[in-house]
Student: 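Handing you this structure, nothing more for now.
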Protein chains: 2
Amino acid sequence: MSPAPRTTRQRTAVADLLSRVDGFRSAQELHELLRREGASVGLTTVYRHVQALADAGEVDVLRHEDGEAVYRRCASPAHHHHLVCRACGRSVEIEGPAVERWTSQVAAEHGFTDVQHTLEVFGTCADCA
Amino acid sequence: MSPAPRTTRQRTAVADLLSRVDGFRSAQELHELLRREGASVGLTTVYRHVQALADAGEVDVLRHEDGEAVYRRCASPAHHHHLVCRACGRSVEIEGPAVERWTSQVAAEHGFTDVQHTLEVFGTCADCA
DNA sequence: CAGCAACTGACAACCGTTGTCAAAACCAGG
DNA sequence: CCTGGTTTTGACAACGGTTGTCAGTTGCTG
Ligand SMILES: [Zn+2]
Ligand SMILES: [Zn+2]
Ligand SMILES: [Zn+2]
Ligand SMILES: [Zn+2]
C-alpha cells in the first residue's frame, strides 16, 4: 500500500494556501502566490503536491478552455459540480441529483458502462459583472 | 468581412474524413489517418482546418482528460452533449432540456451572468466492454 | 544520533499546439 | 489560356504547461 506522505514545509504551504484561497487556481498561480508570501516552493514541488491532493480527492481539478489545469479545495467531499467565474475564478459548489440520475440513465440506455461525467457551469459573477 | 475559404484538396480531405469517422479524434489522429489513406496533409494544415471547422460550429470540440483536443462532426447543429466511449471514442449525441434549465437557474440564483456550461458523459460502450 | 528512505528543486525533456515564412496552389481579370 | 495577386500549404522552430531526472537535502525511526 502507499506509504504515508511526510509533512514537510512545502506540503503544508501548498495545502494551507489551497485552504485559504477561494476559487480555482493553476499550479503556476499557486507557485507565484507562495513566492510572494515568502514561503517559496519550487514549481515542480507545487505540481507534485497539487496532483497528490487531487489523487487523494482532497482538491478538485478542472481544465480551463486552453487546457490548463486549475485546482481548488472544496468544502464538500461528496460528488458535486461548480459554478465558476470566468474572470476571477471564484466558484460555488452545486449539486443536481436530477442530473446525476439523467446521466446514468441515458448512458445505460445506450449500453455504456463505467460511467462518469463532467459538468461545469461558467459565467461572470456579480462582483465581476 | 471574412473572405470565403478556398476549396483545396487538403480542406476537402479533412472535412470528408471528419464526415466519415465516427467518434472524437485528435488532430494528430486525423493527420495519421489521412497519411494512411494516401491523401497526405501537413499536420499544421490539419490543425488549421480542424480549428476553422470548430470556429464555424461545424465540428464539436472537447478535451480528453490530459487536455488534448478532440474533434467530431455531429449530426445535430443544435446545442447538445455527448456520451463518449473512453476506449474507442465512439459517441452519441444526447440532449437534456432539464439540465439546460437547471444550469441557467442555479447560475441566476447565484448572480452569475453570461452563463455557459460543459457536460460530457464518459463510459465504455457495449462493443468495447 | 545515525542511517535510510522520502522529498526537493533546478534543469532538461516532452508533447500538443501555434507562429513563421518561403514555396505552391487558387482564382479572377485580361 | 496566361498572369498577377492573394490565399494556402507545410517543414520547421518556438511556445507553454507539464513531467522526468538526479544529486543534494530533510524527515523520521530505531
Ligand atoms: Zn468573479
Ligand atoms: Zn455529477
Ligand atoms: Zn467503444
Ligand atoms: Zn447543454
Student: Is the phosphate of D:dT8 approached by B:T8 (side-chain N or O, under 4.0 Å from OP1 or OP2)?
Tutor: no
Student: When the distance from CZ of A:R11 to C1' of C:dG9 is rounded to whole Å, what number comes out?
Tutor: 16 Å
Student: In terms of side-chain geometry, is the basic nitrogen of A:R86 or A:E65 positioned less than 4.0 Å from the acidic oxygen of its partner?
Tutor: no
Student: Taking the side chain of B:P5 as heavy atoms from C-beta outward, which of D:dT8, C:dT17, C:dT8 is closest to it?
Tutor: D:dT8
Student: Can you tell me how far P of C:dT18 sits from NE2 of B:H49, to the nearest Å?
Tutor: 15 Å
Student: What is the nucleic acid contact for A:T7, judged by heavy atoms within less than 4.0 Å: base, sugar-phosphate only, or nothing?
Tutor: sugar-phosphate
Student: Within this structure, what is the CG-to-P distance between A:L30 and C:dG9, rounded to whole angstrom?
Tutor: 15 Å
Student: Indicate whether the side chain of B:Q28 and that of B:E32 have a donor and an acceptor atom separated by less than 3.5 Å.
Tutor: no
Student: Taking only Lys NZ, Arg NE, NH1 and NH2, and the carboxylate oxygens of Asp or Glu, determine whether A:R90 and A:D127 approach each other closer than 4.0 Å.
Tutor: yes
Student: Report yes if at least one side-chain N or O of A:Q28 is closer than 4.0 Å to OP1 or OP2 of D:dG16; otherwise report no.
Tutor: no
Student: Would you call B:E120 and B:R63 a salt bridge, using N to O less than 4.0 angstrom?
Tutor: no
Student: Take atom NE2 of A:H31 and atom C1' of D:dG16, then tell me their distance rounded to the nearest Å.
Tutor: 14 Å
Student: Listed in order of residue number, which residues of residues 54-71 of chain A have a non-hydrogen atom at under 4.0 Å from DNA chain D?
Tutor: A:E68, A:A69
Student: With nearest nucleotide decided by heavy atoms, which residue, B:L43 or A:G42, maps closer to the 5′ end of DNA chain C?
Tutor: A:G42
Student: Are any side-chain N or O atoms of B:R25 and backbone N or O atoms of B:E29, one a donor and one an acceptor, separated by less than 3.5 Å?
Tutor: no
Student: In whole angstrom, give the distance that lies between atom OH of B:Y47 and atom C1' of C:dT20.
Tutor: 17 Å
Student: Starting at CZ of B:R9 and ending at C1' of D:dG10, how long is that distance when rounded to a whole Å?
Tutor: 11 Å
Student: C:dC7 phosphate, OP1 or OP2: any side-chain N/O from A:Q10 under 4.0 angstrom?
Tutor: no
Student: Tell me whether the side-chain N or O atoms of B:T44 pair up with the base of D:dC12 as donor and acceptor below 3.5 Å, since no angle test is needed here.
Tutor: yes
Student: Looking at D:dT21, D:dT26, D:dT9, which one has an atom nearest to any side-chain atom of A:R6?
Tutor: D:dT26
Student: Is A:H31 reaching over with its side chain to a backbone N or O of A:V41, donor-acceptor style, under 3.5 angstrom?
Tutor: yes
Student: Nearest of C:dT17, D:dG17, C:dG9 to any side-chain atom of A:R48?
Tutor: C:dG9
Student: Less than 4.0 Å between a side-chain N and a carboxylate O, is that true for A:E37 and A:R20?
Tutor: yes
